[in-house]
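Below: one structure, written as structure tokens.
Just so we're clear, the structure is a prediction, and the values are computed from it rather than from any experiment. Each ligand, and each atom within it, is numbered from 1 in the order the structure gives.
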Amino acid sequence: MTNAKIYDIKPAIASNAHITQPIYQNMYQRSIAEPDVFWAEQATLFLNWQKPWHTVMDCDYSRGHIRWFEGGLLNVSENCLDRHLAERSDQVAIIWEGDDPTRDKKITYRELHQQVCQFANVLKAQGVSKGDCVCIYLPMIAEAAVVMLACTRIGSVHSIVFGGFSAEALKDRILDSNCQYVVCADIGYRGGKTTVIKANVDQAALGCPNLKSVIVIKNSDTDVAWFNGRDIWYHVAMQNASDHCPAVAMAAEDPLFILYTSGSTGKPKGVLHSTGGYLLYAAMTHKYVFDYHDGDIYWCTADIGWITGHSYMIYGPLCNGATTVLFEGVPTYPEADRFWRIIDKHQINIFYTAPTAIRALMAQGNDFVTRTNRSSLRILGSVGEPINPEAWEWYYHVVGDARCPVVDTWWQTETGGIMITPLPGAMALKPGSASLPFFGVKPEILDNQGNSLQGIAEGVLALSRSWPGQARSIYGDHQRFIDTYFKSYAGYYFTGDGVRRDEDGYYWITGRVDDVINVSGHRMGTAEIESALVLHTHVAEAAVVGYPHDIKGQGIYAFVTLNAGVQASEQLSKELVNLVRQEIGAIASPDIIQWTPALPKTRSGKIMRRILRKVAANELNGLGDTSTLADPSVVDNIIAHRVNK
Ligand code: PRX
């Protein structure tokens with residue numbers, strides 16, 4: 001990567017930036033040399049504490065033991081709302097932009113505080129108390145923020161399930177986290193279509209005997225099925241709720257939320273984040289990575305169902321007193337200029353989206369962009385998957401008119417916040433590189449034996465230091481937490497990503513090294529999709545791999561073996577896609593199904609995925625050693641029937 005293009009730091013950005021090159025170098029060095037002093041300073045700067053901590057950090061990776069700011073007490077909603085009231089009660093906290101371009105609304109900090117207090121009282125009246133888990137299954141409506149913050153106000157733990165997940169996936173998550181309460185809407189709107197929400201909850205509830213109440217936000221005039229004694233209308237409950245609700249003092253290490261994410265094996269895991277460290281890390285990264293200044297209008301296009309929606313749509317920006325935008329719709333509705341129109345309409349300064357959206361919009365041609373103004377933009381961000389240099393250049397030149405630095409931010413659900421990223425006033429940019437570590441982050445490149453490689457190197461990405469935003473456990477299964485992240489390479493947090501470091505010390509993320517795939521920025525375990533496929537009575541076996549896809553980054557390629565005597569057909573293919581939609585959701589639908597009489601296996605019966613990945617990617621010359629296969633002719637058959645799409 002010696003010839004990578006470099007875009008120098010922009011003087012206009014650096015002159016007003018919180019972090020310039022010398023500041024970065026100085027702060028980074030201190031964050032590594034004196035982490036306790038460094039993080040104590042930041043925790044004082046960014047958060048209001050009801051009681052100070054006695055120990056900044058206490059971590060032991062061998063036990064998956066991660067503790068920050070123990071002894072400290074604080075409340076997240078107080079930090080995101082109450083403390084801003086003196087100075088910015090009339091400032092807009094949330095701009096909500098509807099799927100329908102004629103619908104929007106603005107909520108000030110005073111109004112948000114009021115609604116959060118009211119809903120916190122509604123939750124209490126339902127019996128929710130500190131430590132209880134509340135499942136949130138909502139479309140992108142403004143109330144989503146109210147519900148999240150209300151949970152934090154009374155110390156309940158939220159578990160947000162992405163609105164695109166199926167009833168079955170919702171049920172699994174409700175059961176795993178022992179949620180007795182669900183907050184949902186009647187229906188959702190996306191791209192001019194409606195999505196069922198409440199009906200999915202009703203179906204999921206059939207398998208959730210412990211569910212006590214379902215609070216339903218009325219988002220339409222549609223009639224929905226109603227279960228007296230269990231279902232409650234949000235607007236009715238809110239009418240009678242007091243807007244006075246003291247914020248419960250939470251220990252820094254009390255759980256804040258659970259968020260399910262996919263791993264390479266088994267069912268999705270409930271990643272557990274805790275209160276003090278997470279909030280500090282979300283707020284601090286939000287301010288420095290996006291060079292956020294008071295008065296900026298900030299828009300992150302993520303869904304609240306993902307970690308980006310948690311950290312960079314809600315907690316980070318609101319903790320910093322920002323105006324944050326929540327968009328209900330999709331980038332192409334009513335037309336492919338929707339993002340750029342919204343930027344002009346609300347005069348957005350900082351815009352954060354995913355490469356898959358950039359590629360999809362790039363494919364629509366420049367006119368949709370150039371017919372808008374976008375002069376309010378100052379910083380552009382990218383997240384969720386590697387951004388190919390072509391998409392990066394388009395984003396930078398066409399969307400940002402070569403004026404706005406692009407911050408390509410690498411992080412994960414488990415990291416809570418951004419880990420490797422450019423800081424706009426401090427670093428030159430290389431398209432396709434996530435650049436350099438954030439404060440306190442120490443990336444290591446490991447070889448197969450776990451040796452840390454120095455200088456220019458390529459290997460797996462691990463982190464040797466803890467940081468405040470790090471996940472604390474997998475809900476209900478701490479051993480799985482240890483096994484997944486801390487066992488493969490002793491003394492390190494293992495990320496599951498591959499990485500390269502270049503001659504300037506810049507990091508280039510090369511993608512997952514495990515059986516996790518990234519489809520349109522959505523992280524999925526191939527094992528989950530396989531489990532859904534084999535539920536079909538005609539399916540004997542299935543193996544799923546990712547393959548390069550122009551828009552989605554990776555597409556889903558399924559190799560399926562049918563039971564003896566069953567004929568493959570278009571109809572069966574449809575049934576399998578429907579089954580995956582029903583078990584997981586539309587985001588997991590296979591793009592390609594290839595029928596195969598057998599899967600390539602070793603003599604011990606292990607599927608050789610490496611070969612399937614190569615076939616799916618059409619890299620037929622690089623199949624590698626196939627001599628350990630039980631039956632090498634299986635590969636010839638698979639190659640001969642490879643599906644091109
Ligand atoms: O493979 C990396 C990829 O997304 C994974 C994390 O997915 P998730 O937990 O859903 O969080 C997504 C939002 C933070 C990572 O292991 N990834 C995320 N950001 C980038 C990335 N890959 C390359 N470059 C990025 N900027």
Side-chain angles (χ1 to χ4, degrees), residues 160-162 164-165 257-264 268-273 278 281-282 285-286 289-290 300-313 315-316 352-359 380-389 391-392 395 406-422 429-438 441 443 460-463 467 469-471 474 484-485 493-500 506-526 528 546 548 552-554 587-588:
I160 306 189
V161 178
F162 172 56
F165 277 127
F257 65 82
I258 299 168
L259 183 57
Y260 285 86
T261 192
S262 296
S264 43
K269 38 190 191 233
V271 172
L272 184 72
H273 280 285
Y278 169 82
Y281 200 71
T285 45
H286 170 258
V289 173
F290 301 105
C300 163
T301 68
D303 191 282
I304 43 148
W306 310 119
I307 190 69
T308 312
H310 286 59
S311 303
Y312 298 112
M313 199 168 60
Y315 292 121
Y352 190 32
T353 195
T356 187
I358 298 168
R359 286 190 297 265
L380 297 172
S382 169
V383 59
E385 48 177 320
I387 179 164
N388 47 312
W392 193 103
Y395 196 28
V406 173
V407 290
D408 172 5
T409 62
W410 175 83
W411 59 296
Q412 312 178 296
T413 304
E414 296 88 338
T415 70
I418 295 166
M419 303 293 284
I420 302 182
T421 178
L429 306 171
K430 299 188 188 189
S433 168
S435 307
L436 297 171
F438 190 73
V441 174
V460 300
L461 175 59
L463 305 163
W467 62 100
Q470 185 168 24
I474 290 175
T484 309
Y485 304 108
Y493 163 80
F494 171 54
T495 64
D497 278 309
V499 71
R500 192 171 58 226
Y506 273 46
Y507 291 88
W508 299 74
I509 307 294
T510 52
R512 301 288 303 197
V513 296
D514 52 10
D515 289 320
V516 169
I517 54 177
N518 196 321
V519 182
S520 301
H522 301 319
R523 171 171 161 184
M524 252 169 285
T526 51
E528 289 164 66
K552 300 179 180 183
Q554 282 188 296
I587 53 170

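Across the listed options V271, T409, D497, T495, D497 owns the non-hydrogen atom lying nearest to atom 15 (C) of ligand 1.
With hydrogens left out, the protein atom closest to atom 23 (C) of ligand 1 is P386 N, 3.1 Å, a heavy atom. Scanning the protein for heavy atoms near atom 11 (O) of ligand 1, the closest one is T413 N, 3.6 Å. With hydrogens left out, the protein atom closest to atom 13 (C) of ligand 1 is T308 OG1, 3.4 Å, a heavy atom. Nearest protein heavy-atom neighbour of atom 6 (C) of ligand 1: W411 O, 3.7 Å. Atom 7 (O) of ligand 1 has as its closest protein heavy atom R523 CD, 3.4 Å. Nearest to atom 25 (C) of ligand 1 among the protein's heavy atoms is E385 O, 3.5 Å.
In this structure, S262 and E528 approach most closely via the heavy-atom pair OG-OE2, 2.5 Å.
Taking a cutoff of 4.0 Å between a charged side-chain nitrogen and a carboxylate oxygen, R523 and E414 qualify as a salt bridge.
Residue G384 places a heavy atom less than 4.0 Å from ligand 1.
Proximity of the aromatic rings of Y260 and F162 is defined here by a centroid distance below 6.0 angstrom, and this criterion is not met. Between W467 and Y493, the distance separating the two ring centers is shorter than 6.0 angstrom.
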Inset, instruction - Go through the steps to decide whether E385 and K552 satisfy the test salt bridge (Lys or Arg N to Asp or Glu O under 4.0 Å), and finish with yes or no. - result: CA-CA 10 Å; E385 48 177 320; K552 300 179 180 183; over 6 Å; no

Inset, instruction - Give the C-alpha distance, both sets of side-chain angles, the deciding distance and a yes or no for side-chain hydrogen bond (donor to acceptor under 3.5 Å, both in side chains) between Q470 and T415. - result: CA-CA 5 Å; Q470 185 168 24; T415 70; over 6 Å; no

Inset, instruction - List the steps and the verdict of ring pair (Phe, Tyr, Trp, His ring centres under 6.0 Å) for W411 and Y312. - result: CA-CA 12 Å; W411 59 296; Y312 298 112; 5.1 Å; yes

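In this structure, OH on Y352 lies 9.5 Å from OG1 on T301, to the nearest 0.5 angstrom.
Taking only nitrogen or oxygen atoms, main chain and side chain alike, D408 reaches within less than 3.5 Å of ligand 1.
Which parts of ligand 1 touch I509 is read off a 4.0 Å heavy-atom cut-off, strictly below it: atoms 22 (N), 23 (C). Interface of V383 with ligand 1, defined as ligand atoms under 4.0 Å from a residue heavy atom, comprises 13 (C), 14 (C). Close approach of ligand 1 to N518 is summarised as follows: ligand atoms under 4.0 Å from at least one heavy atom of the residue are 3 (C), 4 (O).
For S311 and Y278, the side-chain atoms include at least one donor-acceptor pair closer than 3.5 Å.
Counting heavy atoms under 4.0 Å from ligand 1, residue Q412 touches it through both backbone and side chain.
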